[in-house]
Amino acid sequence: MGLSETDVLDVERIRADFPILEREFDGEQLAYLDNSATSQTPEPVVEAIAHYYRHTNANVHRGLHQLSQEASIAYENAHDRVAEFIGADGREEVVFTKNTTESLNTIAYAWGLAELGPGDEVVMTEMEHHAALVTWQQIAKKTGATVKYIRVDEDGYLDMDHARELVTDDTEMVSVVHVSNTLGTVNPVSDLADLAHDHDALCFVDGAQSVPHMPVDVGEMDADFFAFSGHKMCGPTGIGVLYGKEHLLEEMQPYLYGGMMISKVTFEDSTWHELPWKFEAGTPVICQGIALAEACDYLDDIGMERVDRHGRSLAEYAYDRLSEFDDIDILGPPGDDRGALVSFNLGDVHAHDTSEILNDFAVAIRAGDHCTQPLHDKLGVPASARASFYIYNTREEVDKLVRAVDATRELFA
Amino acid sequence: MGIGGSDMYRQQILDHYKNPRNYGEIEDATFTHTGENPMCGDTIEMDVVLSEDEETIEHVAFRGDGCAISQASASMLSERLQGMAVEDLRTMDRDDVIDMLGVDISPMRVKCAVLAEKVAQDGTDIYFGELDVEKTTTEDDD
């Protein structure tokens, strides 16, 4: 497919929606390359938040007054909008949570505690984020189940032969990250879902690094559960999404109890509200949910195909530029086959030192273990520096990153 | 320039990082203690020789791995500790360490800076039977 005029982003126009990008630190203009941690928030989303509090704020689902009705409708519609964004069948399949981590914990507690026991196995990957890794590890300890990890090969890909060995009829859950937040690897989640289903296991896909960057269709993928966070995709913090196939969510018991999630309550017993409200106990994330729907509009207006191409092209450019230096070790797959991020180490310089020097150039990156400590242990490095890109980033910013890395090298030589 | 950044990497820090003093082992050390900063993966292992009356630090050596701040701090501390009264080591605090480094330390990096000091202090406390831990971590230190 050739790249026509409409296939590329109008970065200049997009940047105008993000006034924070104009910030300067000691005369250096910010190059924000920490998007895998959190993305910046465009004006229409900020405006939606302000408008909600100025115009519509009320609690939902309980008031009979006009304001509560408006807030309720906006909140419920936000579920529909998010469902549409990821290809879910409807609001019944979309639960609003606090973040990806809470979405994972919801399934781990509501499904895992009830269904797992000795002899059962949960299969993850060595590149799993702590959000999934720690959660299933601890639920396994509680239930007597076993966790196993699909090997990551030298190029940063999953060893699919190993996956086929590990997933057996003892497997109850295959929980895999869609795009690695450390390696940038895009995993074959659809194949892994098929593999899980071949053995009557369920498949949970952690989409925290995929939904913000590429078109995602959970139906096509055939994931049973899917999770992501609003703040990595132009939305606010405090909102995450748990997608679940309706029949599975229907069969599950809730794990948070309280108001909003009930249907009938007596002193002796309670029954549950319909989906998705059954899993949204207490006053929910009303404003954040509405703002997330606005973020979906914002990204769809740009076009997720374009968002994807832009991010990949910047990652490839950064990969190529950093690859010019022998003393830079880049983690993960080749430049032309990765999500919108590049993690690297400069010689023996600790990533925290690199990041501090980059900060002098107002280049904002993440340095550390990126919530994948076991993966870093396996790779034999305590930490890595990660540059991650989004719709408003430019090649000039990548060039600036490389200049700052050069300066770090000089300082530590 | 604000807190952190190149300011934090003045010549002295880089010099100690690149050419650490008292790097190595002491065979007949009075005690040896290790510590780590799990967030960063910084590690320090320190050998200390006390005087016969156990009131003065005679020799210090260390091994370690990690960021420039943690390793330079260990190197500078190893020089500072030679001949220091044990009592003075016990009363050292983070401000003393930051003074010793001679640079502003950004809040996120204080743990790196104080790791060696904590290792020396905890090692001393363990030796005198006042503390019972296997390893020092800066995790719970605020």
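Just so we're on the same page: letters track the sequence lines, and every chain starts at 1.
Contact record, G41(B) with P382(A): CA-CB, 4.2 Å, taken as the closest heavy-atom pair.
With rounding to the nearest 0.5 Å, the separation of CD in E356(A) from SG in C67(B) is 8.5 Å. In this structure, the separation between OH on Y17(B) and CG on D348(A) is 6.5 Å, given to the nearest 0.5 Å. The CG atom of L411(A) lies 12.5 Å from the CZ atom of R10(B); values are rounded to the nearest 0.5 Å. Separation of atoms SG (C40(B)) and CG (D353(A)) is listed at 9.5 Å; rounding is to 0.5 Å.
Around atom CD of E52(B), no more than 12 heavy atoms belonging to other residues, nucleotides or ligands sit under 6.0 Å away. Under a cut-off of 6.0 angstrom, the local environment of CG in D99(B) is crowded, with over 12 non-hydrogen atoms contributed by other residues, nucleotides or ligands. Residue-environment remark: CG (D95(B)) exceeds the threshold of 12 foreign heavy atoms within 6.0 Å. For Y317(A), the OH atom counts as densely surrounded, since its 6.0 Å shell holds more than 12 non-hydrogen atoms of other residues, nucleotides or ligands. For K142(A), the NZ atom is loosely surrounded, since the number of other residues' heavy atoms within 6.0 Å does not exceed 12. Surrounding CG of N19(B) are more than 12 heavy atoms belonging to other residues, nucleotides or ligands, all under 6.0 Å away.
If you measure heavy-atom distances from F25(A) to chain B, you find no contacts under 4.5 Å at all. Looking at A413(A), only its backbone comes within 4.5 Å of chain B, counting heavy atoms on both sides. No part of D65(B) comes within reach of chain A, as not one of its non-hydrogen atoms sits under 4.5 angstrom from that chain.
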